Amino acid sequence: MFKKIGPGVLVAAAFIGPGTVTACTLAGAAFGYTLLWAMLLSIIATIVLQEMAARLGIITQRGLADVIKSELKTPLIRYSVIGIILGAIVIGNAAYEAGNIGGATLGLEALFGVDYVNYYPLIIGICAFGLLYIGNYKVLEKVLVSLVIVMSLSFVVTAIITKPDLGQIFKGLFIPEIPQNGILTLIALVGTTVVPYNLFLHASLVSEKWKSKDDLKSVRRDTYISIALGGMVSMCIIIAASTIQGETITNVLDLAKGLQPLYGSAAKYFMGIGLFAAGVTSAITAPLAAAYVVNSCFGWRVGLQHIKFKMVWMVILALGVGFLFFGYTPIEIIKFAQVANGILLPLIAVFLLWIVNKVSVMGDYRNTKFQNAIGILIIVLALALGLKSIFKVIGLL
């Protein structure tokens with residue numbers, strides 16, 4: 001099974017972090033099934049962009065930043081673009097990392113109480129450090145796949161036991177509607193699913209696992225299935241949260257309120273396991289993605305075991321743990337990460353679309369007209385949503 005599963009699962013693990021769990025919980029609790037269509041569109045957009053990144057990785061056997069750098073011939077433009085990518089990814093990933101560790105901390109609180117709450121971020125940081133320090137892609141892949149399975153089962157079973165209305169689910173999926181005061185939640189759903197650093201992570205990991213163009217079919221199958229299943233988990237969170245419509249949601253563990261009549265006191269623990277798994281998987285992938293980006297930007301061409309590679313993810317991991325120790329709340333950090341996401345996603349998507357259309361890079365594997373049309377539509381929507389997100393967050397500060 002593990003031979004057939006590839007980086008797609010790690011991408012799914014990266015986007016189903018505590019930010020996604022929180023956004024989906026709030027969407028379900030506030031608007032029921034109404035915003036399921038937004039999650040469906042987000043998943044389609046993610047599949048389209050990640051397929052391009054994965055195809056680039058297997059055809060060129062290089063990372064996305066590396067290819068962008070080599071194709072920008074003017075030194076001033078090249079260094080400016082690489083500087084922007086480097087800064088945004090490193091700062092953005094440090095912010096995401098703090099949110100991921102904070103989310104996993106909430107999971108541990110649900111499981112073991114608040115007696116040792118000050119130690120939870122350090123415990124999670126040590127777990128992530130140990131897995132990353134091993135530096136073996138196959139080990140990382142197996143651990144993450146196992147955690148994703150645990151997380152997915154937690155949320156899927158949670159959704160099933162709420163006995164959802166299938167007719168209303170289909171209506172929510174296929175009839176777009178933006179409820180009053182729903183635009184920010186819609187932006188959050190898109191922003192936590194279509195994650196810029198995943199494009200860099202996917203291109204690099206594909207070239208780690210597969211070396212031949214003949215494996216493109218396997219790469220695509222892995223991408224489609226993994227991200228679609230990840231999207232299904234996100235939808236299950238929305239569905240489960242819809243049972244507590246009208247309740248005041250102060251944190252993601254309030255999702256357990258609606259499950260008490262059906263699942264008893266075990267609901268809290270079930271949710272805790274899912275949230276812990278979501279936090280840990282994302283806490284591993286965010287530093288890993290940052291290390292791959294820095295690796296590409298500086299042209300190091302080093303592997304997971306190299307000290308330079310390890311130093312990058314250690315810094316990101318330390319910053320993530322440090323933010324929580326210095327009193328920043330996960331909500332503040334996630335807001336900052338959403339601003340970074342809003343700025344970065346359209347920019348990275350434009351460069352990705354440009355690269356996968358270059359014959360000199362992709363040859364016969366460049367984009368079709370249909371793929372370009374969808375890609376341009378995604379960029380326009382990402383730009384519009386990104387600007388709304390930035391203006392809204394700045395307005396709230």
Side-chain angles (χ1 to χ4, degrees), residues 12 15-50 151-195 224-249 252 254-263 267 270-271 274-275 278 338 370 373-374 377-378 380-382 384-386 388-389 392:
F15 78 69
I16 310 175
T20 301
V21 177
T22 303
C24 291
T25 300
L26 293 173
F31 308 111
Y33 306 140
T34 309
L35 288 176
L36 281 173
W37 66 270
M39 179 53 66
L40 180 62
L41 283 183
S42 298
I43 294 302
I44 293 168
T46 303
I47 287 172
V48 170
L49 292 175
Q50 295 296 157
M151 175 177 65
S152 301
L153 286 174
S154 294
F155 292 131
V156 170
V157 173
T158 299
I160 291 169
I161 61 176
T162 62
K163 300 177 183 176
D165 183 329
L166 292 179
Q168 289 299 312
I169 287 175
F170 282 111
K171 183 183 174 184
L173 277 172
F174 301 113
I175 301 177
E177 180 188 340
I178 301 175
Q180 191 175 1
N181 301 321
I183 188 68
L184 259 188
T185 308
L186 190 154
I187 290 167
L189 289 176
V190 175
T192 56
T193 307
V194 192
V195 183
Y224 299 153
I225 293 172
S226 299
I227 295 172
L229 288 174
M232 188 184 77
V233 173
S234 296
M235 288 178 188
C236 283
I237 300 169
I238 295 174
I239 291 165
S242 68
T243 61
I244 46 175
Q245 260 191 291
E247 294 259 2
T248 302
I249 307 297
V252 75
D254 285 341
L255 177 59
K257 285 179 186 175
L259 304 176
Q260 293 295 342
L262 297 163
Y263 211 59
F270 211 47
M271 191 65 193
L275 193 57
Q338 282 182 340
F370 179 68
I374 297 175
L377 182 61
I378 290 168
V380 171
L381 289 172
L385 290 173
K388 274 184 176 288
S389 176
K392 192 70 180 174

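Note that the structure is a prediction, hence the values are computed from the model and not measured.
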Atom [atom1] in [X], atom [atom2] in [Y]: separation rounded to 0.5 Å?
X      : Y      : atom1 : atom2 : answer
Ile237 : Leu275 : CD1   : CG    : 9.0 Å
Ile44  : Thr193 : CD1   : OG1   : 12.0 Å
Asp165 : Ile239 : CG    : CD1   : 10.5 Å
Leu41  : Thr46  : CG    : OG1   : 10.5 Å
Leu40  : Ser234 : CG    : OG    : 11.5 Å
Leu173 : Tyr33  : CG    : OH    : 11.0 Å

Any side-chain heavy-atom pair of Cys236 and Ile160 under 4.5 Å: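 No - every pair of side-chain heavy atoms lies 4.5 Å or more apart.
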Non-hydrogen side-chain atoms of Ile178 and Phe31 separated by less than 4.5 Å: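 No, too far: nothing below the 4.5 Å cut-off.
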Chi angles and distances behind the side chain to side chain contact (heavy atoms under 4.5 Å, CB included) call for Met232, Met235: CA-CA 5 Å; Met232 188 184 77; Met235 288 178 188; 5.6 Å; no
Apply side chain to side chain contact (heavy atoms under 4.5 Å, CB included) to [X] and list each qualifying residue two or more places apart in sequence or on a separate chain.
X      : value
Leu385 : Leu186, Ile187, Val190
Ala278 : Val21, Met151
Leu381 : Leu377
Glu177 : Thr34

Indicate the atoms forming the closest heavy-atom contact of [X] with [Y], along with that distance.
X      : Y      : answer
Ala12  : Gly230 : CB-CA, 4.4 Å
Gly32  : Ser242 : CA-CB, 3.7 Å
Ala27  : Leu35  : CB-CD1, 4.5 Å
Ala159 : Ala240 : CA-CB, 3.9 Å
Val194 : Ala45  : CG2-CB, 4.3 Å

Over 12 foreign heavy atoms within 6.0 Å of OH, Tyr224: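 Atom OH in Tyr224 is packed in, count exceeds 12.
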Exam field: side chain Thr25 to backbone Ala241, donor-acceptor pair closer than 3.5 Å: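 No, Thr25 side chain to Ala241 backbone: no donor-acceptor pair under 3.5 Å.
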Result of checking Ile238, Val233, Ile16 against Cys24 for side-chain contact (heavy atoms from CB on, under 4.5 Å):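 One option only clears the test, and that one is Ile238.
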